[in-house]
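Notes for the one structure printed next.
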Amino acid sequence: MFDKVLIANRGEIALRIHRACREMGIATVAVHSSADADAMHVRLADESVCIGPPPSSQSYLNMAAILTTATMTGVNAIHPGVGFLSENARFAEMVEEHGLVFIGPEPKHLALMGDKVQAKEAAIDLGLPVVPGSKGAVESLEEARSVAGDIGYPVLIKAAAGGGGRGMKVARSEDELEDAYRMARNEAKAAFGNSEVYLEKYLTRPRHIEVQILADGQGNAIHLGERDCSLQRRHQKVLEEAPSPGLNTEARERIGEIARQAMLKLGYRSAGTLEFLYEDGEFYFIEMNTRLQVEHPITEMITGVDLVREQIRIAAGHPMTLRQEDISFNGHAIECRINAEHPETFVPSPGQVIDYHPPGGMGVRVDSALYGGYRVPPHYDSLIAKLVVHGQTRNECLMRLRRCLEEMVIDGIETTLPLHRRLVENPTFINGSYAIHWLEEWMAAHR
Amino acid sequence: MFDKVLIANRGEIALRIHRACREMGIATVAVHSSADADAMHVRLADESVCIGPPPSSQSYLNMAAILTTATMTGVNAIHPGVGFLSENARFAEMVEEHGLVFIGPEPKHLALMGDKVQAKEAAIDLGLPVVPGSKGAVESLEEARSVAGDIGYPVLIKAAAGGGGRGMKVARSEDELEDAYRMARNEAKAAFGNSEVYLEKYLTRPRHIEVQILADGQGNAIHLGERDCSLQRRHQKVLEEAPSPGLNTEARERIGEIARQAMLKLGYRSAGTLEFLYEDGEFYFIEMNTRLQVEHPITEMITGVDLVREQIRIAAGHPMTLRQEDISFNGHAIECRINAEHPETFVPSPGQVIDYHPPGGMGVRVDSALYGGYRVPPHYDSLIAKLVVHGQTRNECLMRLRRCLEEMVIDGIETTLPLHRRLVENPTFINGSYAIHWLEEWMAAHR
Amino acid sequence: MNQKFPLDEEALRRLASILEDTGLTEIEVEAGDHRMRVAKTPAVTSAVSAPMPVAAPAAAQPTAAPSDLAEHEFAVTSPMVGTAYLAPEPGAKPFVQPGDSVSEGQTLMIIEAMKVMNALPAPRAGRVVRVLVQDGEPVEFGEPLLILE
Amino acid sequence: MNQKFPLDEEALRRLASILEDTGLTEIEVEAGDHRMRVAKTPAVTSAVSAPMPVAAPAAAQPTAAPSDLAEHEFAVTSPMVGTAYLAPEPGAKPFVQPGDSVSEGQTLMIIEAMKVMNALPAPRAGRVVRVLVQDGEPVEFGEPLLILE
């Protein structure tokens with residue numbers, strides 16, 4: 001096992017990694033920008049080194065500074081956390097070139113899944129379901145009709161050269177196909193000077209479902225069930241839950257097994273997440289995140305598996321001892337992402353936290369690097385706390401979440417706590433009957 | 001189910017009960033002394049009523065004031081918490097006379113177990129193992145030899161009229177019996193004017209093991225495993241763990257089933273705890289606590305059962321749905337009792353808390369009514385926080401506890417946090433090879 | 001002499017607004033024989049440090065806002081939790097009314113707790129200035145009941 | 001009397017901004033019969049509010065106590081994390097020594113990072129008062145390296 005690990009990140013995720021290391025008896029080195037000298041993980045780490053000025057490009061994305069520090073402090077491995085350099089294949093390669101371990105996947109898998117086109121091709125090869133559609137451009141109305149008949153209505157006709165919604169038409173049934181096809185071609189011609197269109201299945205109310213996997217690159221892979229991340233605003237996840245209120249056991253086991261087999265076939269190593277859209281019982285691959293996810297704690301809450309510990313163990317070369325049959329799902333978990341933002345305008349609100357009081361008691365976990373008197377710097381992501389709640393049932397979990405939101409205090413700056421307090425009272429959320437566009441529609445309607 | 005519950009207690013346990021109620025959709029009424037007007041549970045409760053001045057006798061023990069408030073606020077039930085009126089049979093009766101529900105056992109069981117002599121007799125009737133000894137006084141050396149032969153050495157010879165250690169002699173083998181017998185009689189004669197002695201098994205290194213039970217008085221009872229509370233100072237528990245590092249599965253199941261059967265036979269209702277001494281594979285009943293225990297969270301951590309919720313459900317007349325086969329034990333949990341006391345002299349340290357920062361992350365639960373700026377009043381018990389940590393194994397739990405103790409901050413007053421930080425580094429504690437006198441001996445040796 | 005004090009409210013308010021904007025705690029300006037000084041004591045943290053339940057719990061009747069009147073020099077506070085009755089029986093004349101002079105030990109009202117009627121005696125002789133509770137109202141321990149000067 | 005108070009708001013705001021920048025708690029200015037005074041009481045809590053890790057982590061070499069010298073008016077701080085070398089090669093004469101006068105742009109030392117030797121030029125002409133690091137010592141970003149007056 002490693003003696004010392006460098007944590008190449010900041011905020012709550014750096015603290016999360018520090019905690020896992022401490023609990024494994026591994027010493028930690030925190031690197032930080034000059035804006036983060038007072039950060040919690042810097043205070044708690046065994047060693048800390050200031051690597052640059054506030055802008056990320058010169059600190060948390062500064063590969064040379066991080067590698068120099070790693071060499072100087074004599075660490076065995078680097079944990080990249082979430083964001084920043086965590087999916088940077090070049091950085092992972094450089095870490096290896098320095099004779100250190102990158103706590104994450106192999107560089108080639110970072111590169112593969114970092115390229116949207118390659119990733120989709122790889123997904124097909126690996127047997128992952130993707131959104132069905134025409135192979136390339138559709139040349140005629142007859143061909144469009146034939147393809148649409150195969151994949152089923154509604155279908156989306158899209159300009160091959162398109163983007164931004166232009167040259168995009170939905171046909172909800174065969175009756176609408178001819179008009180939609182012609183209009184899409186005309187719009188495509190007008191907008192892009194190219195009338196080529198292709199066709200794919202149109203998802204009207206998909207959920208965002210992602211499957212957590214762990215693999216050791218030594219022939220072992222398991223899935224840890226799904227997370228439902230359909231509550232989004234501008235493609236940013238706001239609240240996640242596990243298991244999904246929209247999935248049954250059959251669907252869960254089916255997609256879990258598909259994901260597991262895909263990872264075995266790929267020879268993937270480390271933790272990873274396969275993201276899907278889910279509608280009418282079918283899954284459609286979107287992308288793979290080759291790193292830890294922000295919302296990983298809800299999976300930890302229902303499985304009892306410490307994902308960061310497993311990631312570190314795998315990186316140290318230990319074959320996984322967990323087998324699929326060891327994984328059972330216990331109860332329900334929800335994570336609220338609490339951002340330093342105005343709860344209605346979402347304008348960032350950095351500044352000094354006067355009071356910080358996390359909720360306590362049974363089934364409650366708070367991952368946050370805040371403390372009373374801490375100054376949230378204006379240079380980084382606005383995520384400041386993750387409130388994670390577990391209950392034996394979804395209803396118990398919701399009731400507990402509600403009382404936690406009553407107890408939690410973050411004073412001095414604006415936060416999205418009030419948004420979460422409104423959300424937990426909403427019948428659509430309580431029923432679990434939301435899809436990925438619901439939150440934005442609801443917020444627009446209830447300004 | 002109840003609509004509204006009055007919480008007849010203060011501090012962290014009042015907050016614990018408030019949380020359970022909120023999560024069940026039950027409104028809460030906090031009663032408090034004038035010293036507790038700013039207490040956390042008072043701030044969070046739906047209603048709060050000041051019932052008297054700081055001394056407990058005029059507030060938290062003031063039955064008339066509590067019952068008057070219950071009537072005025074229209075509650076359905078009263079939860080007495082831990083300590084104060086929680087084991088007061090007269091109070092439970094008065095609650096019932098007012099047409100309200102006492103969230104706890106029947107008054108007759110409170111009375112029975114509140115009387116040491118009656119409780120021991122009841123325990124024997126219920127089939128609980130007690131410390132073996134002579135039935136009454138031993139009349140001659142021959143009788144002493146015969147009884148000692150039956151129960152096995154070492155034996156303790158005690159003055160029937162005795163107390164305070166006088167007239168008490170240990171015989172470690174038959175060789176020592178005659179001398180011990182004669183000396184005990186002489187001392188008893190000299191000290192109490194009565195040479196009568198009796199004889200019982202002498203426990204040299206017992207552990208304090210207690211079994212948590214839940215019963216509904218309707219023919220259902222389960223046990224939730226044991227807690228090891230051997231780390232004590234002046235009969236006050238300092239740190240508890242579940243399961244006990246000194247018990248194996250066979251012993252656990254054996255004593256659990258004995259406790260369960262005893263509760264069925266007694267017709268007991270509500271949560272309760274049977275306390276035993278444990279040595280060389282045998283259990284010896286000490287007493288029964290007919291209420292919630294301070295250390296109940298460690299049982300909740302390893303079973304996932306919310307004991308306060310179950311207590312409330314049972315009090316509302318719902319038959320228990322949990323069966324013994326539903327209870328499984330998952331991992332290991334430890335609770336540190338953090339007191340507002342000097343960590344070496346144990347002098348109480350009330351006053352204003354400047355900073356309060358509980359640890360967060362996976363497997364951590366903090367039950368505390370503290371907040372930054374809170375003033376710990378000098379009138380009550382010094383328990384201010386319970387740090388409860390869970391891990392998949394005892395070792396994982398210990399490592400996590402250690403990092404939590406590094407993170408936790410309570411500034412402005414003295415606390416026993418430093419004692420716990422020393423304790424978690426101690427090999428005897430780490431090995432789990434401690435008995436009930438160990439902590440005091442260790443502290444005396446390491447002043 | 002009936003000379004008005006020359007108070008330039010606008011200037012004062014501007015100073016206050018500058019103080020607020022700049023985060024200063026004190027500004028003093030002097031011009032000729034005119035001098036202005038505005039100051040603001042920074043909030044002591046103990047005051048803000050207390051976490052506030054988010055959904056401010058709707059205080060029910062008996063919770064009655066802990067009034068500052070309890071600190072009033074002449075307040076007579078409730079010695080127990082219970083129901084206050086201002087008259088010996090429904091419809092009867094109240095024990096005391098504002099303006100009444102009372103002697104020490106005279107009954108001011110009755111506090112009922114556990115079906116027992118407890119007379120509240122005047123702690124001293126004086127004049128009743130205000131009665132702060134309604135007949136039949138639940139009262140907490142320490143709640144101000146009337147002002148007796 | 002309707003004389004307006006002559007309030008120079010701009011001057012006041014400038015004073016406030018100077019107070020803020022300099023970290024002062026009070027400024028008083030007098031000119032003729034005009035006088036201005038601004039003050040700010042420092043917030044009390046911020047100092048104690050920061051949780052301290054209990055077992056103060058034993059700072060390793062590169063963590064070198066964040067010295068107040070970084071705030072020193074004449075400090076030259078490290079532009080990167082790396083290893084400081086005071087001489088062009090082992091055993092050679094140091095680039096600069098206390099007492100030396102240097103011209104702007106003159107190399108003061110070398111910071112090695114990722115096997116690249118980065119010369120540290122003097123930001124201005126001046127006299128070297130103290131060299132704060134040892135040859136071969138790891139340095140953080142922003143760490144004061146020498147005092148150049």
Side-chain angles (χ1 to χ4, degrees), chain A residues 12 15-16 18-25 40 43-44 296-297 300-301 304-309 328 330-331 354-374 385-392 395-404 406-407 409 411, chain B residues 12 15-16 18-25 40 43-44 296-297 300-301 304-309 328 330-331 354-374 385-392 395-404 406-407 409 411:
Chain A
E12 61 81 23
L15 182 58
R16 170 72 187 91
H18 166 80
R19 285 170 170 162
C21 289
R22 293 297 285 173
E23 293 175 8
M24 298 174 81
M40 185 62 100
R43 290 163 173 265
L44 291 173
H296 76 277
E300 295 181 327
M301 293 297 260
V305 174
D306 183 332
L307 289 168
V308 180
R309 172 189 291 255
S328 60
N330 169 31
I354 305 298
D355 277 313
Y356 170 61
H357 189 84
M362 187 172 185
V364 181
R365 165 178 175 181
V366 180
D367 277 27
S368 173
L370 290 188
Y371 55 85
Y374 174 69
K386 304 190 310 201
L387 169 60
V388 186
V389 170
H390 181 264
Q392 299 284 27
N395 186 54
E396 193 178 305
C397 184
L398 288 175
M399 293 295 281
R400 184 162 287 158
L401 177 57
R402 200 168 299 169
R403 78 97 179 141
C404 286
E406 286 171 5
E407 286 182 23
V409 177
D411 266 359
Chain B
E12 62 80 23
L15 182 58
R16 169 72 187 90
H18 166 80
R19 285 169 171 162
C21 289
R22 292 298 285 176
E23 293 174 8
M24 298 175 82
M40 184 62 102
R43 289 163 174 266
L44 291 173
H296 75 277
E300 296 181 326
M301 294 298 260
V305 174
D306 183 332
L307 289 169
V308 180
R309 173 188 292 254
S328 59
N330 169 32
I354 305 300
D355 277 313
Y356 170 62
H357 189 83
M362 188 172 184
V364 181
R365 166 177 174 181
V366 180
D367 277 28
S368 173
L370 290 188
Y371 55 85
Y374 174 69
K386 305 190 310 202
L387 169 60
V388 186
V389 170
H390 182 264
Q392 300 282 27
N395 185 53
E396 193 178 305
C397 184
L398 288 175
M399 293 295 281
R400 184 162 287 157
L401 178 57
R402 201 168 299 170
R403 78 96 178 142
C404 286
E406 286 171 5
E407 287 182 22
V409 177
D411 267 1

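Bear in mind that the values here come from a model prediction, so they are computed numbers and not experimental data.
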Output, in order, the C-alpha distance, side-chain angles, deciding distance and verdict of salt bridge (Lys or Arg N to Asp or Glu O under 4.0 Å) for B:R403 and B:E407.
-> CA-CA 6 Å; B:R403 78 96 178 142; B:E407 287 182 22; 3.0 Å; yes
Contact class of B:E300 relative to chain A, heavy atoms under 4.5 angstrom = both
Under 4.5 Å from a heavy atom of chain A, the part of B:M24 involved | backbone
Going by an N to O cut-off under 4.0 Å, is there a salt bridge joining A:R19 and A:E23?
-> no
Heavy-atom proximity to chain A below 4.5 Å, by part of B:V308 | neither
Just wondering, do A:H390 and A:C397 contact through their side chains at under 4.5 Å, heavy atoms?
-> no
Toward chain A, the part of B:P358 with a non-hydrogen atom under 4.5 Å = side chain
With a 4.5 angstrom heavy-atom cut-off, could you sort out which part of A:D306 is near chain B: side chain, backbone, both or neither?
-> both
At a heavy-atom separation under 4.5 Å, does A:V305 approach chain B through its side chain, its backbone, both, or neither?
-> backbone
B:L44 side, atom CG; B:C21 side, atom SG - distance, nearest 0.5 Å = 12.5 Å
Name the member of B:H18, B:M362, B:R22 that forms the most heavy-atom pairs with chain A at distances under 4.5 Å.
-> B:M362
All salt bridge (charged side-chain N to carboxylate O under 4.0 Å, His left out) counterparts of B:D367, not counting sequence neighbours = B:R365
Report yes or no: do A:R16 and A:H296 form a side-chain donor-acceptor pair below 3.5 Å?
-> yes
